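Counting starts at 1 for both ligands and their atoms, in listed order. Being a predicted model, the structure only gives us computed values, none of them experimental.
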Amino acid sequence: MASPLTTFTDEAKIALDTLSGRAAGLFSPSLRLGVTGLSRAGKTVFISALVHNLIHGGRLPLFEAQKSGRIARAFLEEQPDDAVPRFQYEDHIAALVEDRVWPDSTRAISELRLTIEYESASGWNRLFSAGKLSVDIVDYPGEWLLDLPLLGKSFADFSHEAVELAALPVRSDLSHAWRELASSIDPDADADEMAARRLAESFAAYLKACKLDERALSTLPPGRFLMPGDLEGSPALTFAPLMKLSERRPRSGSLQAMMERRYEAYKTHVVKPFFREHITRLDRQIVLIDAMQALNAGPAALADLERAVTEILSCFRPGRGNFVTDLFSRRIDRILVAATKADQLHHESHDRLQAIVRRLADRAVARANFSGADVDVAAMAAVRSTREGTVKQGRETLPVIIGTPLKGETINGETFDGRTETAIFPGDLPQKVDAVFDPSGPQGESSEPAIRFVRFRPPKLERTAEGVSLSLPHIRLDRALQFLIGDHLA
Ligand SMILES: Nc1nc2c(ncn2[C@@H]2O[C@H](COP(=O)(O)OP(=O)(O)OP(=O)(O)O)[C@@H](O)[C@H]2O)c(=O)[nH]1
Ligand SMILES: [Mg+2]
């Protein structure tokens with residue numbers, strides 16, 4: 001059968017492509033972009049805004065391919081992985097654009113394929129490349145990444161560490177109920193499903209309380225206790241650390257033996273496949289952080305955020321002995337650490353926010369002993385929910401941000417109804433980055449934080465004269481795009 005590829009020119013192209021190492025991607029060059037961050041960091045909003053802006057030709061002056069008019073079109077295609085839930089782009093956009101509400105929390109992994117048809121900037125590439133790039137965007141909870149260290153730990157190590165961390169002053173009150181229960185249980189007693197369940201539930205409740213606590217404590221493993229995905233209630237999730245473990249091998253049929261087995265099952269059936277099937281196939285990664293919330297909560301929360309970013313970056317560190325990188329078939333070569341929600345600040349503070357993220361990421365890179373990928377930082381807003389303006393107060397002109405605060409938000413005793421547009425003076429970030437990290441500084445734990453941000457509803461989209469609604473406004477989303485995929489459209 002004659003295939004369409006048998007013409008001389010096509011063969012010549014393939015030969016050339018093989019020579020230049022591009023054959024694998026001739027028909028559908030693809031790039032896998034991981035989007036992660038702890039819960040509520042802004043993953044869903046980021047992906048929705050990114051796709052919406054590309055499909056609708058949004059204003060993206062710092063995204064070179066778009067700015068120079070080389071993007072012919074961008075559209076959604078069927079994703080390559082049938083077993084992964086699809087990212088529900090249409091639902092999220094309907095929420096943002098039609099209802100002007102933020103999309104629902106998503107608690108598991110999902111994926112979306114966005115294909116971009118473009119004209120290459122270089123004549124040589126134009127001749128030989130298909131001018132088509134498929135970006136497979138994978139949204140997954142950062143909590144799951146933090147499970148990686150478990151792979152190197154026995155059940156006894158895991159238990160000792162968990163008990164130690166739970167007893168620390170910051171956590172001791174939150175972990176009290178679990179510690180009481182665990183200390184009343186004899187690991188050598190006969191295995192009992194109800195005891196296992198009570199322990200697991202109590203331990204999970206403690207981890208959730210850490211997350212909800214206003215001190216914004218970092219996440220502790222196992223990650224699926226917070227974000228179970230579709231594993232809720234399964235035996236691989238019905239375990240917990242134990243106290244008073246015996247040094248010897250646990251008696252078979254004992255509670256300890258049962259917990260150990262389940263802990264190992266969690267590693268084998270949950271943690272390893274997740275890394276193997278998803279993380280090791282990524283090319284690029286964006287790590288979203290909620291720096292605004294941490295800034296609001298003070299230096300201790302920032303230190304904690306830094307610890308979480310350090311642990312997340314360690315997962316992408318190439319090198320011997322790292323389970324993940326031993327498996328790497330491709331390698332992540334660019335990582336962007338981005339604080340989204342910068343629209344809650346006036347633009348004069350955007351560079352300051354970026355400097356804070358820079359310092360946080362630099363320290364995380366140093367602590368994780370990270371090398372092997374370019375790490376950049378950004379202060380951005382995937383969806384900009386505010387405009388800027390000025391307000392005259394006496395002789396002073398104050399910069400303000402204008403938007404519709406979410407129903408129930410309060411400032412100075414005023415509670416908003418979710419319908420009225422309001423101008424707010426958001427406060428400034430300090431000029432000196434160090435100030436926000438210094439526990440003894442003016443923003444130390446005892447004093448008030450410099451900013452108290454208000455959350456706004458998603459913006460009302462402007463319409464053109466023809467009634468077509470424009471794409472979602474953003475802050476520096478184009479810069480993020482340029483770093484994450486720009487070079488693949490060169
Ligand atoms: N102003 C503003 N708020 C944002 C932005 N992105 C996220 N938010 C806020 O942060 C919340 C969480 O955003 P999501 O995108 O749902 O976060 P997520 O990381 O997907 O959260 P989970 O699905 O729960 O893990 C939203 O409900 C918004 O209130 C942004 O670009 N600007
Ligand atoms: Mg989400």
Problem set entry | R284 bridged to D136 by N-O distance under 4.0 Å | no
Problem set entry | Which residue and heavy atom of the protein sit nearest atom 21 (O) of ligand 1, plus the separation | R40 N, 3.0 Å
Problem set entry | Shortest protein heavy-atom distance from atom 10 (O) of ligand 1, along with the residue and atom involved | K341 NZ, 3.0 Å
Problem set entry | Heavy-atom nearest neighbour in the protein, as seen from atom 14 (P) of ligand 1, with distance rounded to 0.1 Å | G42 CA, 3.6 Å
For this session: Could you say whether the N/O atoms of A41 and ligand 1 ever approach to under 3.5 Å?
Result: yes
Problem set entry | For T340, atoms of ligand 1 separated by under 4.0 Å from a heavy atom | 30 (C), 31 (O)
For this session: Around atom 32 (N) of ligand 1, find the nearest protein heavy atom and jot down its residue, atom name and distance.
Result: V383 O, 3.0 Å
For this session: Answer with yes or no whether the side chains of S68 and E64 bring together a donor and an acceptor at under 3.5 Å.
Result: yes
Exercise. So between S48, A382, S105, A95, whose heavy atom ends up nearest atom 22 (P) of ligand 1?
Worked result: S105
Exercise. Got a salt bridge between D304 and R307, using NZ or NE/NH1/NH2 to carboxylate O under 4.0 Å?
Worked result: yes
Exercise. Just wondering, are more than 12 heavy atoms of other shown residues or ligands nearer than 6.0 Å to CG in D104?
Worked result: no
Exercise. Taking non-hydrogen atoms only, is S39 closer than 4.0 angstrom to ligand 1 via side chain, backbone, both or neither?
Worked result: both
Exercise. Which protein heavy atom lies closest to atom 15 (O) of ligand 1, and at what distance to 0.1 Å?
Worked result: V45 N, 2.8 Å
Exercise. So which heavy atom in the protein is nearest atom 20 (O) of ligand 1, and how far is it from that ligand atom?
Worked result: T44 OG1, 2.7 Å
Exercise. Which heavy atom of the protein is the closest neighbour of atom 1 (N) of ligand 1, given with residue, atom name and distance?
Worked result: D343 OD2, 2.8 Å
Exercise. side-chain hydrogen bond (donor to acceptor under 3.5 Å, both in side chains) with K341: which residues, sequence neighbours excluded?
Worked result: D290
Problem set entry | Over 12 non-hydrogen atoms of neighbours within 6.0 angstrom of CZ in R455 | no
For this session: Sort by chain and number the protein N/O/S atoms that are closer than 2.8 Å to the Mg ion (ligand 2), and list them.
Result: T44 OG1, T106 OG1
For this session: Show which atoms of ligand 1 fall inside a sub-4.0 Å distance from at least one heavy-atom site of S385.
Result: 1 (N)
Exercise. What residue and heavy atom of the protein are closest to atom 27 (O) of ligand 1, and at what distance?
Worked result: W102 CB, 3.2 Å
Problem set entry | E306 side chain near L302 side chain, heavy-atom distance below 4.5 Å | no
Problem set entry | Residues, nucleotides or ligands: over 12 heavy atoms within 6.0 Å of R179 CZ | yes
Problem set entry | Between Q293 and R40, a side-chain donor and acceptor under 3.5 Å | no
Problem set entry | Region of T106 engaging ligand 1 - heavy atom pairs below 4.0 Å | both
Exercise. Are side-chain N/O atoms of E77 and T115 paired as donor and acceptor at under 3.5 Å?
Worked result: yes
For this session: Output all residues satisfying ring pair (Phe, Tyr, Trp, His ring centres under 6.0 Å) with F456, sequence neighbours left out; order by chain, then residue number.
Result: none
For this session: State, without any angle test, whether T280 and R276 hold a side-chain donor-acceptor pair at a distance under 3.5 Å.
Result: no
Problem set entry | Pair listing, ring-ring contact (aromatic ring centres under 6.0 Å, His included) test, anchored in residues 61-96, at least two apart | F87-H92
